[in-house]
Novice: 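My questions all concern the structure below.
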Amino acid sequence: MTPKGHYGVYGGQYVAETLMGPLNELAAAYADAKRDPAFQREFDEILHDYVGRESPLTVCRRLSAKLGGATIVLKREDLNHTGAHKVNNTIGQALLARRMGKKRLIAETGAGMHGVATATVAALLGLPCDVYMGAIDVKRQAPNVARMRMLGAKVVAVEEGSATLKDAMNEALRDWVTNCDDTFYVIGTVAGPYPYPEMVRDFQSVIGREARRQCLAKFGRLPDEAIACVGGGSNAMGLFAGFLDDREVKLVGVEAGGRGLATGEHAASINGGRLGVLHGAKTMLLQTDAGNIIDTYSVSAGLDYPGVGPEHCYLHDIGRAEYSVICDDEAIAAFDDLCRYEGIIPALESSHALAEAIKRAPKMGRDKILLVNLSGRGDKDMDNILNYKKSLGDSASLR
Ligand SMILES: *Cc1c(COP(=O)(O)O)cnc(C)c1O
């Protein structure tokens, strides 16, 4: 990576001139914080005392026995406070905001999980917080809107464009340009202009560092493959960061195939997208020939981002990581399996990563280990799953 955050041809800072000042200030402040042991100590302490880290590794004994091949092992980010990995990043950025003397947090959110994670840390640190959310998402994700409000955040409905995540992010960037003197923009994934992709990866890298250490302690060796779902790509980059230098560990990112790549109704930016610029970075995007962003689709709202973090595109190009596609039906089947065989209700996002492991395990020897990042818990997805099953007339699964 070159200093300005380029990953091969990807990344960079494709922003209006007015944003260069705030981005340079942020990059300098982050570089300074990264070197400061006191900053790291406070971050680690909150992760321990408030989030409940470290999160355990769980061996899926019954599921692995049923599949009859590799052992599936879960990194349990679902057990974090707020129920997913996102809080690791929002704590890091909120501490940085306080260190920079910023008095207000803003965030974008799609499914609402990043909004809730940001509202949570805003309450923890006593900072006011505005969350931009597409008007359609405000309606679709009512429980998370209620959570954000309960935590004291203001939810701003964005009516522009398709009134979804990409429009919310555009509005948040606009707010930031106008109010950057006192406002810190908390981005929810490894996307956006430099230094966000690097900073968010660093804050999430606690997942991979813990998992590597835990694997060595538990099995006396590293996993054969490390698998994570990819929306914007933050939980995957966090996991991969722990194993990038371990060439023998295969890294696998899993994109949302929705109703299938051929239908066009998916959210698979690397497998089904093209090079473009979105939200300040050059990356793989779902866009039309004319360069308009295509609305994404996935049964899992958290994977519904038309772009992907630039570092993933680079890892794909150099062959260090591979990126596969899992469709709605496969993710739902994996969701059912984890519920019934292990007593764990996973998030639909994480179910995509699990589905990939379930495909791979039977083709591998019993001595192999597949490490899956269980990025979140599934309580938030109940309505969604019931509706999906109802639409299929799958009455057997509703018993
Ligand atoms: C938001 C979310 C994701 C997708 O975001 P990434 O940046 O790709 O990690 C995955 N899993 C859960 C549980 C989420 O809430």
Novice: Could you tell me if the side chain of Cys215 sits less than 4.5 Å from the side chain of Leu57, heavy atoms only?
Specialist: yes
Novice: A quick test of your reading: do over 12 heavy atoms of other residues, nucleotides or ligands sit less than 6.0 Å from CD of Glu248?
Specialist: yes
Novice: In terms of side-chain heavy atoms, does Gln40 have a donor or acceptor partner in Asp36 at a distance below 3.5 Å?
Specialist: no
Novice: Do the side chains of Glu108 and Lys166 get close enough for a salt bridge, i.e. N-O under 4.0 angstrom?
Specialist: no
Novice: Between the side chains of Arg360 and Glu356, is the shortest nitrogen-to-carboxylate-oxygen separation below 4.0 Å, so that they form an ion pair?
Specialist: yes
Novice: Does Arg221 pair with Asp246 as a salt bridge, N-O distance under 4.0 Å?
Specialist: no
Novice: CG/Asn384 to CD/Gln141 distance, rounded to the nearest 0.5 angstrom?
Specialist: 7.5 Å
Novice: Quick one: does Asn271's side chain get under 4.5 Å of Leu261's, heavy atoms only?
Specialist: yes
Novice: Does Asp381 reach the main-chain N or O of Leu348 with its side chain, forming a donor-acceptor pair under 3.5 Å?
Specialist: yes
Novice: Arg53 vs Glu210, test: salt bridge (charged side-chain N to carboxylate O under 4.0 Å, His left out). Steps then yes/no.
Specialist: CA-CA 9 Å; Arg53 302 201 74 93; Glu210 279 180 10; 2.9 Å; yes
Novice: Is it true that, when you exclude Arg366 itself, more than 12 heavy atoms of the residues, nucleotides or ligands shown sit nearer than 6.0 Å to its CZ?
Specialist: no
Novice: Could you tell me whether the side chain of Lys66 and the main chain of Asp337 form a donor-acceptor pair under 3.5 Å?
Specialist: no
Novice: State plainly whether one hydrophobic cluster holds both Met113 and Phe335, where clusters connect Ile, Leu, Val, Met, Phe, Trp and Tyr through side-chain heavy atoms under 4.5 angstrom apart.
Specialist: no
Novice: Picking from Ile293, Val158, Asp295, what satisfies side chain to side chain contact (heavy atoms under 4.5 Å, CB included) with Thr164?
Specialist: Asp295
Novice: Which residues satisfy the ring-ring contact (aromatic ring centres under 6.0 Å, His included) test with Phe203, sequence neighbours excluded?
Specialist: Tyr30, Phe43
Novice: Glu54 and side chain to side chain donor-acceptor pair (under 3.5 Å): which partner among His48, Arg213, Lys75?
Specialist: Arg213
Novice: State whether a side-chain donor-acceptor pair under 3.5 Å links Asn80 with Glu77.
Specialist: yes
Novice: Taking all non-hydrogen atoms of both residues, which atom of Pro306 and which atom of Leu278 are closest, and how far apart?
Specialist: CG-CD2, 4.0 Å
Novice: Is it true that the side chains of Asp304 and Ser298 contain a donor and an acceptor less than 3.5 Å apart?
Specialist: no
Novice: Find out whether Cys313 and Ser269 are in side-chain contact, i.e. whether some heavy atom of one side chain is under 4.5 Å from a heavy atom of the other.
Specialist: no
Novice: Would you find a donor on one side and an acceptor on the other, under 3.5 Å apart, between the side chain of Gln13 and the backbone of Met20?
Specialist: no
Novice: Report the residues that fulfil salt bridge (Lys or Arg N to Asp or Glu O under 4.0 Å) with Asp137, sequence neighbours left out, ordered by chain and then residue number.
Specialist: Arg140
Novice: Does one hydrophobic cluster hold both Leu74 and Leu222, with members joined at side-chain heavy-atom distances below 4.5 Å?
Specialist: no
Novice: Kindly say whether Pro197 contributes a backbone atom to a donor-acceptor pair with the side chain of Glu311 at under 3.5 angstrom?
Specialist: no
Novice: Write down the atom of Leu371, the atom of Ala211, and the distance for their closest heavy-atom approach.
Specialist: CD2-CB, 3.9 Å
Novice: Let me confirm one number: the CD-CG distance from Gln287 to Leu275, rounded to the nearest 0.5 Å.
Specialist: 8.0 Å
Novice: Is there a donor-acceptor pair under 3.5 Å between the side chain of Trp176 and the backbone N or O of Thr183?
Specialist: yes
Novice: Report the C-alpha distance between His279 and Tyr305 in whole Å, list the side-chain angles of each, state the deciding distance to 0.1 Å, and finish with yes or no for side-chain hydrogen bond (donor to acceptor under 3.5 Å, both in side chains).
Specialist: CA-CA 11 Å; His279 302 138; Tyr305 180 62; 2.9 Å; yes
Novice: Check the side chains of Thr90 and His114 for a donor-acceptor pair under 3.5 angstrom, ignoring hydrogens and angles.
Specialist: no
Novice: Do the non-hydrogen side-chain atoms of Pro310 and Tyr194 ever get within less than 4.5 Å of each other?
Specialist: no
Novice: Could you tell me which residues satisfy salt bridge (Lys or Arg N to Asp or Glu O under 4.0 Å) with Asp78, sequence neighbours excluded, listed by chain and number?
Specialist: Arg76
Novice: For Ala267, does its backbone N or O pair with a side-chain atom of Thr296 as donor and acceptor, under 3.5 Å?
Specialist: no
Novice: Taking atom types as modelled, is there a side-chain donor on Ser375 or Ser350 under 3.5 Å from an acceptor on the other?
Specialist: yes
Novice: Whether the side chain of Glu349 engages the backbone of Gly302 through a donor-acceptor N/O pair (distance < 3.5 Å, no angle test) should be reported.
Specialist: yes
Novice: So if you build clusters from Ile, Leu, Val, Met, Phe, Trp, Tyr with side-chain heavy-atom gaps below 4.5 Å, do Ile345 and Val116 land together?
Specialist: no
Novice: In terms of side-chain heavy atoms, does Asn170 have a donor or acceptor partner in Tyr132 at a distance below 3.5 Å?
Specialist: no
Novice: What I want to find out is whether Asp130 reaches Arg104 closely enough, with some N-O distance under 4.0 Å, to be called a salt bridge.
Specialist: yes
Novice: Heavy atoms, side chains only, cut-off 4.5 Å: are Leu96 and Leu26 in contact?
Specialist: yes
Novice: Walk me through whether Asn88 and Gln204 qualify under side-chain hydrogen bond (donor to acceptor under 3.5 Å, both in side chains).
Specialist: CA-CA 6 Å; Asn88 303 325; Gln204 292 291 2; 3.0 Å; yes
Novice: Compare all side-chain heavy atoms of Leu127 with those of Phe184 and state whether any distance is below 4.5 angstrom.
Specialist: no
Novice: Could you state whether Ile106 and Val131 fall into the same hydrophobic cluster, counting links through intermediate Ile, Leu, Val, Met, Phe, Trp or Tyr residues with side-chain heavy atoms under 4.5 angstrom apart?
Specialist: no
Novice: Go through the steps for Ser300 and His352 under the test side-chain hydrogen bond (donor to acceptor under 3.5 Å, both in side chains), then give the verdict.
Specialist: CA-CA 9 Å; Ser300 149; His352 284 71; 4.8 Å; no
Novice: Considering only heavy atoms from C-beta outward, does the side chain of Phe219 approach that of Val73 to under 4.5 Å?
Specialist: yes
Novice: Within the side chain of Ser64, is there an N or O that forms a donor-acceptor pair under 3.5 Å with the backbone of Arg61?
Specialist: no
Novice: Roughly how far, to the nearest 0.5 Å, is CD1 of Ile358 from CD1 of Ile72?
Specialist: 5.5 Å
Novice: Report the residue from Asn373, Asn89, Thr189 that forms a side chain to side chain donor-acceptor pair (under 3.5 Å) with Asn235.
Specialist: Asn373
Novice: So Lys250 and Asp224, salt bridge (charged side-chain N to carboxylate O under 4.0 Å, His left out) or not? Walk me through it.
Specialist: CA-CA 6 Å; Lys250 197 186 270 188; Asp224 296 279; over 6 Å; no
Novice: For the side chain of Glu322 and the backbone of Leu251, is there at least one donor-acceptor N/O pair under 3.5 Å apart?
Specialist: no
Novice: Quick one: does Asp32's side chain have a donor or acceptor within less than 3.5 Å of a partner on Ala28's backbone?
Specialist: no
Novice: Is there side-chain contact between Tyr314 and Val9, with at least one heavy-atom pair below 4.5 Å?
Specialist: no
Novice: If every non-hydrogen atom of Arg209 is compared with every non-hydrogen atom of Asp202, which pair is closest and at what distance?
Specialist: NH2-O, 4.1 Å
Novice: Does Ile207 belong to the same Ile/Leu/Val/Met/Phe/Trp/Tyr cluster as Ile369, with side-chain heavy atoms less than 4.5 Å apart forming each link?
Specialist: yes
Novice: Out of curiosity, Asp336 CG to Ser351 OG, how far, rounded to the nearest 0.5 Å?
Specialist: 9.0 Å
Novice: Using ring centroids (six-membered ring only for Trp), state whether Tyr297 and His266 fall under 6.0 Å.
Specialist: no
